[in-house]
Amino acid sequence: MIRLEGVTRRYRSVAGDRTALDAVDLHVARGEVFGVVGRSGAGKSTLIRAINRLETPDAGKVFVDGQEITALNPTELRAARRGIGMIFQHFNLLNAKTIEDNVAFPLRLEGRPETEVKARTAQLLAQLGLADHAKKHPAQLSGGQKQRVGIARALACGPSVLLCDEATSALDPETTEDILTLLDGLNRDLGLTIVLITHQMEVVRRVCDRVAVLKDGRIVEQGATADVFLHPQHAVTRAMLAEGEEAVDASVAPAGARMARLTFRGPSTYEPELSCVARTAGVDYSILSGRISRIRGEPYGQMTVAFTGGDAEAALAQLAARGVVVEAV
Amino acid sequence: MFANVDWADIGKATIDTLLMLGGSMVLTVILGVPLGVLLYLSGKGRLAANPVLNAVLSFVVNVLRSVPFIILLIVMLPVTVLLVGTSLGVAGAIPPLVVGAAPFYARLVETALREVDKGVVEATQAMGGSTFQIVTRALLPEAMPGIIAGATVTAIALVSYTAMAGVVGAGGLGDLAIRFGYQRFQTDVMAVTVVLLLILVQILQMIGDRLVAKVSHR
Ligand SMILES: Nc1ncnc2c1ncn2[C@@H]1O[C@H](COP(=O)(O)OP(=O)(O)OP(=O)(O)O)[C@@H](O)[C@H]1O
Ligand SMILES: [Mg+2]
């Protein structure tokens, strides 16, 4: 659906050149929710803005829905952009227009007949629960409501792709959850392909099928969200995931214990695997840290365990045989 | 009280002042808004960034703004005669008033446009808006409070310019104030004209403020 080939973007300034994107290759499949994470200044915004050519790459090609965006003339580009919705961190609504007129705005820019504009706008406002606010101005709405207006506006022309530039970063956790549920629903119900960039790992955990990690304009790691988040390979990914989590303190483990990190995935997360194995192998275990949660709806459990007594190696082998991923700590 | 005041003269002078103000204000807006938009668009990092055009426009605007209005009135005389056939009366006053006010107003329009969040421009671009649509449907409506506030400031400046234009034979309240109030020491005429100008300024400010409040949705 979206393909980037060797996309490079440099910013020149008196202070020196800066490569915001360094030959980035990326593929986003149709109907997928794709996340891009990275530290501040990694090039996330530049990357997402290259997709609808708000930022023209210095080199490389961008394809959306089979069309080479980087090869279009200005008129063709404007037509292509109607098929690519975009929402923003600070919503970017027009303060002078009512909510209704904000949602109708892209349709009017396209020059659709007014009867059609009215009907489509009313339908979108109803769909997003904004019907009561139609005649208000953006200043009268909360952040979450403003982002809903932003989404309604982005959907107006019936895009096949939605780009989200830090769409939830200005919202509180509850409103973030609300917007993420909405995006998730749009992806499922309309088959909308979504690219979202964020520095909030929770957002990716919650909605992204796949994720890419960006550092200094390069993709250092990418894959299915569960794979990347449960078994991060790159130091940046590890560091970003470790933030807000408590590090495992090995010194609290019982003396002579065999430590291991166990990862359960899928329905087996809720099975009594650990206690079964412990009983048959005659080992004791203490859980030093752990988390049982979901990534994109898939349950997982990940914990650091200290085994004492009995045959710890045999226990670990049995766990591995049952599909638990065992890693030495 | 008011022994020297010829109310018919005052009435005619008031109408002349209003005509000068109205005529020059309309032309100032017609010229100043596009000029302000060009200054904005050609600026660094803007939609149609063009350093050469921007430098030229900026220079012309600065030159016109730095010439004292009274000098502009005199320098403009031949041009005015060429444009409207006379340098006298209401018609003769309008060209120098417009040349004096339009560059000033253009800068105020440019400033108002710069206050518009870049994100709005970006969002409109992302929706497939053309540069013309971005200007007419997003930038100008979003900047409207500033554009109207700028028009109010300009109109009030024009009131005092019309008084100065009286000196070179334009007529109006300023002309009365100088010819009778100042040169013939008729203080009562002076007082009446000044009060009328004051009322005019008050009314302009009030209308401006009301319009700004009406179009502000922050
Ligand atoms: N218009 C610009 N001019 C010069 N340098 C820029 C410009 N925009 C971005 N950069 C630089 O390019 C790099 C990538 O910027 P980008 O905005 O893509 O980062 P980001 O990952 O979105 O960061 P953040 O999380 O802070 O938004 C940064 O080093 C930034 O300083
Ligand atoms: Mg950014």
Side-chain angles (χ1 to χ4, degrees), chain A residues 11 45 48-49 51-56 72 74-99 101-111 135-141 149-150 153-157 159 161-166 170, chain B residues 33 36-37 40-51 108-109 111-152 208-218:
Chain A
Y11 290 109
S45 295
I48 202 163
R49 293 156 52 85
I51 297 174
N52 60 358
R53 227 174 92 186
L54 280 180
E55 206 73 74
T56 304
L72 302 180
T75 315
E76 294 165 339
L77 176 62
R78 288 197 283 116
R81 279 174 174 166
R82 293 192 193 107
I84 309 174
M86 188 167 197
I87 58 174
F88 305 86
Q89 178 171 5
H90 299 295
F91 325 120
N92 296 352
L93 302 178
L94 286 91
N95 293 315
K97 294 192 193 327
T98 59
I99 299 314
D101 288 341
N102 265 284
V103 175
F105 191 48
L107 298 165
R108 295 201 170 117
L109 288 178
E110 199 184 341
K135 305 288 180 199
K136 292 185 186 168
H137 282 87
Q140 292 162 273
L141 300 191
V149 178
R153 181 175 73 172
L155 295 178
C157 294
V161 172
L162 180 65
L163 307 177
C164 312
D165 187 348
E166 299 273 8
Chain B
V33 170
V37 168
Y40 169 85
L41 285 180
S42 62
K44 190 162 176 275
R46 301 296 176 184
L47 279 174
N50 184 332
L108 298 180
V109 170
T111 309
L113 291 170
R114 279 192 197 177
E115 302 275 303
V116 177
D117 186 353
K118 257 194 145 175
V120 166
V121 175
E122 209 158 77
T124 312
Q125 268 181 305
M127 284 178 248
S130 64
T131 302
F132 182 76
Q133 286 178 324
I134 292 169
V135 170
T136 54
R137 313 247 199 134
L139 276 170
L140 288 175
E142 289 294 296
M144 202 44 81
I147 289 174
I148 292 175
T152 311
D209 289 348
R210 292 238 171 123
L211 286 175
V212 169
K214 210 172 140 88
V215 298
S216 293
H217 295 284
R218 289 192 177 279

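These values consider heavy atoms only, across backbone and side chains, with no hydrogens, waters or symmetry-generated copies. Here is the naming used below: chain letters follow the sequence lines, and residue numbers restart at 1 for every chain.
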Legend entry - Distance, nearest 0.5 Å, that separates CG of A:Leu94 from CZ of B:Arg137: 11.5 Å
Inset, instruction - Name the region of B:Thr124, side chain, backbone, both or neither, that has any atom closer than 4.5 Å to a heavy atom of chain A. - result: both
Legend entry - Which portion of A:Leu77 sits near chain B, non-hydrogen atoms under 4.5 angstrom: neither
Inset, instruction - First locate atom CD of B:Glu122, then atom CD of A:Glu55, and finally report the distance between them rounded to the nearest 0.5 Å. - result: 8.0 Å
Inset, instruction - Grab the two heavy atoms, one from A:Asn92 and one from B:Gly119, that are nearest each other, plus how far apart they are. - result: ND2-O, 3.1 Å
Legend entry - Proximity breakdown for A:Leu163 and chain B, heavy-atom pairs closer than 4.5 Å: neither
Legend entry - A:Arg53, part contacting chain B, at a heavy-atom distance under 4.5 Å: neither
Inset, instruction - Could you tell me which portion of A:Asn95 (side chain, backbone, both or neither) has an atom closer than 4.5 angstrom to a non-hydrogen atom of chain B? - result: both
Inset, instruction - Heavy atoms only, distances under 4.5 angstrom: which of B:Ala138, B:Pro141, B:Ser130 has the most pairs with chain A? Name it, please. - result: B:Ser130
Inset, instruction - Supply the atom-to-atom distance B:Gln125 CD to A:Met86 CE, rounded to the nearest 0.5 angstrom. - result: 10.5 Å
Inset, instruction - Look up atom CE in B:Met127 and atom CG in A:Leu109, then write down how far apart they are to the nearest 0.5 Å. - result: 6.5 Å
Legend entry - Proximity breakdown for A:Leu54 and chain B, heavy-atom pairs closer than 4.5 Å: side chain
Inset, instruction - Between chain B and each of A:Ala96, A:Ala80, A:Ala139, A:Pro74, count heavy-atom pairs under 4.5 Å; write down the option with the most. - result: A:Ala96
Legend entry - A:His137 versus chain B, the contacting section by heavy-atom distance below 4.5 Å: side chain
Inset, instruction - Kindly check if the number of other-residue, nucleotide or ligand heavy atoms within 6.0 Å of CZ (B:Arg46) is above 12? - result: yes
Inset, instruction - Not counting sequence neighbours, which residues clear salt bridge (Lys or Arg N to Asp or Glu O under 4.0 Å) with A:Glu166? List them please. - result: none
